[in-house]
Amino acid sequence: MGHGTNRVEDMASPNNGTATARETIVEVHSVCLPPKKTTFQKLKKRFADVFFPDDPLERFRNQTWRNKVILGLQSLFPIFTWGSQYDLKLFRSDVISGLTIASLAIPQGISYAKLANLPPIVGLYSSFVPPLIYSILGSSKHLAVGPVSIASLVMGSMLSESVSPTQDPVLYLKLAFTSTFFAGLFQASLGLLRLGFLIDFLSKPTLVGFTAGAAVIVSLQQLKGLLGIVHFTGKMQFIPVMSSVFNNRSEWSWETIVMGLGFLIILLTTRHISMRKPKLFWISAASPLASVVISTLLVFLIRNKTHAISFIGHLPKGLNPPSSNMLYFSGTHLALAIKTGIITGVLSLTEGIAVGRTFASLKNYQVNGNKEMMAIGFMNMVGSCTSCYVTTGSFSRSAVNYNAGAKTAVSNIVLASTVLVTLLFLMPLFYFTPNLILAAIILTAVIGLIDYQAAYKLYKVDKFDFFTCMCAFFGVLLVSVPLGLAIAVGVSVIKILLHVTRPNTLEFGNIQGTQIYQSLKRYREASRVHGFLILAVESPIYFANSTYLQERILRWTREEETRIKDNNGTTLKCLILDMTAVSSIDTSGIEAVFELKRRLEKQPLQLVLVNPVGSVMEKLHKSKIIESLGLSGLYLTVGEAVADLSSTWKAHGQP
């Protein structure tokens with residue numbers, strides 16, 4: 001910061017008035033231009049700030065070639081980071097946690113596959129290959145990978161709108177695998193190109209409302225299994241689902257209802273116990289598998305006495321069959337597969353990264369967002385070629401993994417190994433597993449997704465965010481899952497546009513006895529300075545808002561002149577524009593400043609700019625605005641501007 005001239009000021013406080021005049025030396029600091037840089041240097045810095053905020057190459061500097069190769073392998077495959085330090089003690093913890101999450105993942109995998117209108121065996125396939133891939137590529141120690149409810153629901157609802165899973169199951173399965181491939185491709189591309197900021201358009205309010213709405217729809221869909229209804233609607237909206245429930249009352253089965261409600265109460269009770277006492281996490285983790293075993297035995301024992309309870313039936317044994325030949329890259333439904341893949345990819349990516357970061361913060365380690373995108377993306381791409389559908393990190397399974405004491409991603413390998421044993425040897429045991437227990441497991445899992453406390457907090461803190469949340473909730477509930485999400489994202493974009501095109505402007509006043517200038521509305525002790533209108537702009541100035549800001553500032557001047565006239569006050573002489581919060585300006589913004597200066601001169605009013613940031617200052621200098629403003633048109637602080645201009649006016653005998 002440079003120094004300008006020292007001026008002698010004979011004045012009182014900036015508010016003038018009744019205080020005794022005294023001689024004060026006013027030191028005016030000049031506003032400096034930023035250091036000169038070439039266009040290439042500017043582009044390089046901007047590119048690095050946007051795409052490489054974490055400076056991923058920093059650790060490679062000043063390293064030998066051997067260390068660079070090792071660091072490169074660790075960067076691409078995080079398993080090399082902790083693998084060399086792995087020991088038996090860590091393995092023991094990971095085995096316990098892996099077996100624990102397997103007891104939850106196996107019944108959930110079967111259940112979520114049915115939610116996506118896929119064969120139950122696909123859910124188990126999706127709990128085998130993806131965890132293996134993630135254990136090598138993922139950077140989270142606690143993320144437990146597999147199918148999740150929201151992505152399953154979205155895939156099922158979007159694909160079934162165009163292709164019937166019952167009338168054309170082969171095509172439906174092809175589209176599911178193809179959607180998974182495009183989901184993975186999209187996720188990996190975001191990571192490779194470091195474009196993760198794009199998923200930030202799914203704001204917290206949008207996700208809260210969307211997740212809650214989807215959870216309600218998922219819960220209502222489970223009434224088919226809990227009531228024993230055979231002919232049930234394939235639609236996902238609230239009204240058609242409830243109509244189907246009550247229009248098919250003749251299909252309700254009291255045996256199914258009694259058994260289903262009984263197991264649902266048990267599952268909800270164990271969940272409540274584990275939430276109240278986290279050390280008893282194993283109760284809720286083991287209860288789904290225990291319920292599957294018990295319900296399967298019950299149905300097996302009463303199979304000759306009643307046929308009212310439907311069950312899964314035959315599940316094929318063996319490893320995941322290859323499905324690369326089933327990927328659908330041409331035809332009339334390709335656009336549907338791409339759209340479904342992108343939407344499910346964004347949702348599953350958002351959930352996976354959020355869950356990973358949540359548990360990483362609890363253990364004070366960092367999860368690399370771009371690495372996670374690539375890990376989840378490659379995991380889904382490989383999965384699509386091995387009969388898996390879209391997978392990500394599940395909050396419920398990751399919570400169990402964390403509480404069970406997982407130390408590394410080896411817990412995912414143990415999970416996959418357990419699923420492998422199940423696929424090879426235990427599949428016939430699931431033949432009599434009733435559909436009602438799958439419905440109860442899904443209900444228990446998704447009920448925790450309805451975060452009413454977060455919605456209430458949004459209502460208390462930001463009404464617009466709460467409105468966005470409700471748009472997502474009711475959009476999913478009453479319109480459709482993808483359109484509900486689109487509505488919420490649209491409302492969020494409108495909010496961004498409002499902030500961008502209609503930025504906030506504030507009138508500042510002086511806090512008496514200080515050189516501090518703050519908002520008149522916010523600080524009661526702040527008061528106007530005679531002869532000055534001090535405004536602050538709280539946004540960049542560019543083509544989208546330059547005209548609005550110009551008109552809004554001119555309105556401020558008219559209102560101030562009217563107020564002065566009504567109160568017989570001192571004539572308005574100067575408009576001070578505090579540009580501290582103006583982070584950037586484009587040519588349209590510069591033209592707006594030129595035009596504002598020209599229109600103010602006709603009134604006549606002097607325009608003064610205060611503290612433009614480096615990039616803004618550079619553009620103002622190149623556009624010759626600084627020259628046209630003169631020496632008294634640019635200051636470092638509002639206090640210096642008021643003091644220096646007041647001193648100048650007094651020196652010239654102006655009141």
Side-chain angles (χ1 to χ4, degrees), residues 52-102 105 127-146 184 187-188 191-192 194 196 352-353 355-383 386 391-394 397-421:
F52 301 97
D54 53 344
D55 193 7
L57 299 179
E58 182 181 9
R59 57 193 301 210
F60 292 91
R61 296 190 182 108
N62 302 320
Q63 297 286 342
T64 63
W65 278 105
R66 180 178 178 275
N67 288 340
K68 286 181 179 180
V69 171
I70 293 173
L71 289 172
L73 287 172
Q74 291 176 348
S75 180
L76 292 173
F77 306 102
I79 191 171
F80 287 111
T81 304
W82 50 264
S84 59
Q85 303 169 350
Y86 199 73
D87 56 27
L88 189 61
K89 184 179 178 181
L90 295 175
F91 181 68
R92 190 183 302 115
S93 299
D94 287 335
V95 167
I96 294 172
S97 57
L99 292 174
T100 306
I101 57 174
S127 300
F128 171 49
V129 173
L132 290 176
I133 303 297
Y134 183 82
S135 64
I136 298 171
L137 300 175
S139 59
S140 173
K141 300 175 183 177
H142 300 98
L143 198 69
V145 170
Q187 293 165 335
L192 284 170
R194 306 182 74 84
I353 292 177
V355 172
R357 285 176 173 167
T358 297
F359 292 105
S361 65
L362 295 176
K363 285 294 184 179
N364 197 30
Y365 69 91
Q366 191 172 4
V367 168
N368 187 302
N370 288 299
K371 287 182 182 177
E372 288 298 284
M373 292 178 200
M374 288 188 284
I376 295 173
F378 286 128
M379 176 181 77
N380 280 315
M381 290 174 70
V382 174
T386 53
T391 54
T392 188
S394 161
R397 289 192 291 275
S398 299
V400 170
N401 198 30
Y402 174 83
N403 289 321
K407 302 298 182 185
T408 68
V410 170
S411 59
N412 275 297
I413 298 176
V414 176
L415 162 63
S417 302
T418 309
V419 174
L420 172 63
V421 173

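Relative orientation of the F359 and Y402 rings is tilted, given thresholds of 30° and 60° on the angle between their planes. The aromatic rings of F91 and Y86 sit perpendicular to each other, their planes meeting at more than 60°, with 30° as the lower class boundary.
For the atom pair E372 CD and M379 CE, the distance stands at 9.0 Å (nearest 0.5 Å). Here the OH atom belonging to Y365 is positioned 12.0 Å from the CZ atom belonging to R357, to the nearest 0.5 angstrom. Here CZ of R397 is found 6.0 Å from OG of S127. Values are rounded to the nearest 0.5 Å. The line from OG of S97 to CG of N403 is 11.0 Å long, rounded to the nearest 0.5 Å.
D94 and T408 are linked by a side-chain donor-acceptor pair at a separation below 3.5 angstrom, with hydrogens and angles left out of the test. Under 3.5 Å, the side chains of T100 and N401 contain no donor-acceptor pair of N or O atoms.
Surrounding NZ of K68 are more than 12 heavy atoms belonging to other residues, nucleotides or ligands, all under 6.0 Å away. Counting heavy-atom neighbours within 6.0 Å of Q366 CD, excluding the residue itself, gives a total of 12 or less.
Closest approach of A105 to L415, counting heavy atoms only: CB-CD1, 3.6 Å. Contact detail for N412 and Y134: the closest heavy-atom pair is ND2-CD2, 3.9 Å.
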